Visitor: 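Got a structure for you, questions after.
Keep in mind the model is a prediction, meaning the values are calculated, not measured. Proteins come first, then strands; the chains are lettered A, B, ... in the order of their sequence lines, and each starts at number 1.
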Protein chains: 2
Amino acid sequence: MNREILQKYITSILPMPTDKSAFFAEQFEPIKFSKDELLLKENKINKDTFVLESGYIRSFTFNQNDEEVTTNIFSAPCFVNDFLSFFKQQPTSENYQCLTHCKLWTMSYEKVQTCFHTYPEFREFGRMMLVTNYSNLHDRMLGMVKDTAENRYLKLMKNHPDIFQNVPLKFIASYLGITDTSLSRIRKEIASK
Amino acid sequence: MNREILQKYITSILPMPTDKSAFFAEQFEPIKFSKDELLLKENKINKDTFVLESGYIRSFTFNQNDEEVTTNIFSAPCFVNDFLSFFKQQPTSENYQCLTHCKLWTMSYEKVQTCFHTYPEFREFGRMMLVTNYSNLHDRMLGMVKDTAENRYLKLMKNHPDIFQNVPLKFIASYLGITDTSLSRIRKEIASK
DNA sequence: GTAATTTCTTGCCAAATGGCAAGTATTTAC
DNA sequence: GTAAATACTTGCCATTTGGCAAGAAATTAC
């Protein structure tokens, strides 16, 4: 595992002096998960925050017909958390599942709180992390309202081509809000052009 | 205008002693907008944060065909902000338009920063505000992926029946990710049951 | 390496949603 | 109060997406 990747990711969220980012990166602990392991289970509390260094994770829940729905796909580097569950220390309603072997950095809720209280820059960092994640989610929401399924597919393909090499299409389809059958047809249609 | 409403709303986001919430409520200034006025314009920076006391606001942008798309509908009490534009002080890509006469409470970016630096509880409040808004957006996202258009309509009807009395259906339809024609048919279908 | 499992594609048809245009209802402007 | 503008509904038909099932392709387990 490579703590410099973590440090660089921290700086990408909030630019700061190297010694600061290095110190904050020091506060995380490395952890590895195997494929198919669950990082977080529904009805449990998200007690640790995670930063993904390498690998792929999805979150999923169930619809009215008890079918799995993939709600998010995480590709490194990024935070992997249910923010509501983590910051309010209340149960989550989703499952977080590793789709590949995963390397992560983790920090306990208590330690995060301590850092918030102790280091002003860490607070700024935390705030920017939330704002960035809010903004990403907002953009995804806009896509759901503005774009066709085909355009959502094309955007994901453009921004995260790596996901298509590492995550089964059925999960990607669900994440895009369509069925795997439809995604297969959209791909066929695009390929024929 | 009624500052107690603001104070109560602050407490609903993060429970705190009355004197604290009263003090924070004091930091906001009242402001009123007429119907159709723009609170925030695309390409401008979101320089003030707003809390809506009464009235209805929508945010909108444009799709590839230059058609307006309603991205959010705000009903009191709630924060009305482009968080990315506000916290990063960078231009927004959306327009925020009053759909009725609106009463709001406002605080400048500089004052928010000062309060963050000065009052630990204000920081906590700001964090919870972000987490709450993230969570609401996340739930809306889940609805887009999990629910049919009809179910999204029914949920909105259940959780915010007041919106249907105050916001034109064409904006609601767009917000739900469908056309006004489809919404009209869904309503007809439901009424016939 | 082979069998079993999972994933992906495709054909058939159904259901949901959209586009357009006309007509009705409601709201706004003066 | 009346005319104009806006919002909403509806019919007709097209397009998109879904459901199911069968088969092909790829991956996994042993």
Side-chain angles (χ1 to χ4, degrees), chain A residues 34-37 55-56 58 60 62-70 73 97-101 143-157 161 163-193, chain B residues 34-37 55-56 58 60 62-70 73 97-101 143-157 161 163-193:
Chain A
S34 310
K35 183 174 176 178
D36 290 333
E37 261 191 281
Y56 293 84
R58 72 168 184 134
F60 67 95
F62 299 88
N63 66 12
Q64 288 95 332
N65 304 327
D66 259 327
E67 298 155 339
E68 279 188 8
V69 177
T70 293
I73 295 174
Q97 177 192 35
C98 293
L99 300 175
T100 61
H101 179 79
M144 293 300 293
V145 181
K146 282 171 67 171
D147 298 335
T148 61
E150 179 172 338
N151 272 333
R152 293 201 296 278
Y153 165 76
L154 287 171
K155 276 190 184 173
L156 185 63
M157 191 59 134
I163 287 179
F164 291 85
Q165 260 68 64
N166 293 280
V167 177
L169 288 176
K170 59 175 185 170
F171 296 146
I172 296 175
S174 182
Y175 168 77
L176 291 172
I178 56 178
T179 59
D180 55 345
T181 309
S182 286
L183 178 57
S184 185
R185 286 184 190 120
I186 287 171
R187 283 162 62 84
K188 188 184 181 184
E189 179 65 24
I190 289 171
S192 77
K193 284 175 187 170
Chain B
S34 310
K35 182 174 177 179
D36 290 334
E37 262 192 280
Y56 292 84
R58 73 169 184 133
F60 67 94
F62 300 88
N63 65 13
Q64 287 96 331
N65 304 326
D66 258 328
E67 299 154 339
E68 278 187 9
V69 178
T70 294
I73 294 174
Q97 176 192 36
C98 294
L99 300 175
T100 61
H101 179 82
M144 294 299 293
V145 181
K146 281 171 68 172
D147 297 335
T148 61
E150 179 172 338
N151 273 333
R152 293 200 297 279
Y153 165 76
L154 288 171
K155 275 190 184 173
L156 185 62
M157 190 59 132
I163 287 179
F164 291 85
Q165 261 67 63
N166 294 280
V167 177
L169 289 175
K170 60 174 186 173
F171 296 146
I172 296 175
S174 182
Y175 169 77
L176 292 172
I178 56 178
T179 59
D180 55 345
T181 310
S182 286
L183 178 57
S184 186
R185 287 185 189 119
I186 286 171
R187 282 162 62 84
K188 189 183 181 184
E189 179 65 23
I190 288 170
S192 76
K193 284 176 186 166

Visitor: So which heavy atom on Ser174(A) is nearest to which on Glu68(A), and how close?
Guide: OG-O, 4.3 Å

Visitor: Given atom CZ of Arg185(B) and atom P of dT15(D), what is their separation to the nearest angstrom?
Guide: 16 Å

Visitor: Roughly how many Å is it from CD1 in Ile178(A) to C1' in dT15(D), rounded to a whole number?
Guide: 15 Å

Visitor: Are Asn166(A) and Leu99(A) close enough that some pair of their side-chain heavy atoms sits under 4.5 Å apart?
Guide: no

Visitor: Counting the atoms with a prime plus P, OP1 and OP2 as sugar-phosphate, which does Thr179(A) contact under 4.0 Å by heavy atoms, base, sugar-phosphate, or nothing?
Guide: sugar-phosphate

Visitor: For the helix from dG1(C)-dC30(D) to dC30(C)-dG1(D), what is the angle between the axes at its two ends, each from 5 pairs, rounded to 10°?
Guide: 70°

Visitor: Taking all atoms of both residues into account, what is the closest heavy-atom pair of Lys146(B) and Gln64(A), and its distance?
Guide: O-OE1, 4.1 Å

Visitor: By nearest nucleotide on DNA chain D, pick out whichever of Phe171(B) and Thr181(B) is the more 5' one.
Guide: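 Final value for this comparison: Phe171(B).
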
Visitor: Side-chain N or O of Ser184(B) less than 4.0 angstrom from OP1 or OP2 on dC8(D)?
Guide: no

Visitor: In whole Å, what is the span from the CD1 atom of Ile186(B) to the P atom of dT9(D)?
Guide: 12 Å

Visitor: Name the residue closer to the 5' end of DNA chain C, choosing between Thr148(B) and Asp36(B) according to the nucleotide with the nearest heavy atom.
Guide: Thr148(B)

Visitor: Go through dT9(D), dT28(D), dT17(D) for me and flag the one nearest to the Asp180(B) side chain.
Guide: dT9(D)

Visitor: Can you check the Glu189(B) CD to dT10(D) C1' distance for me, whole Å?
Guide: 14 Å

Visitor: For chain A and DNA chain C, what are the first and last nucleotides along the strand, 5' to 3', with at least one atom under 4.0 angstrom from a heavy atom of the protein chain?
Guide: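 Footprint of chain A along DNA chain C, 5' to 3': dT7(C) to dC12(C).
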
Visitor: Which heavy atom of Tyr153(A) sits nearest to which heavy atom of Ile186(A), and what is that distance?
Guide: CD2-CG2, 4.2 Å

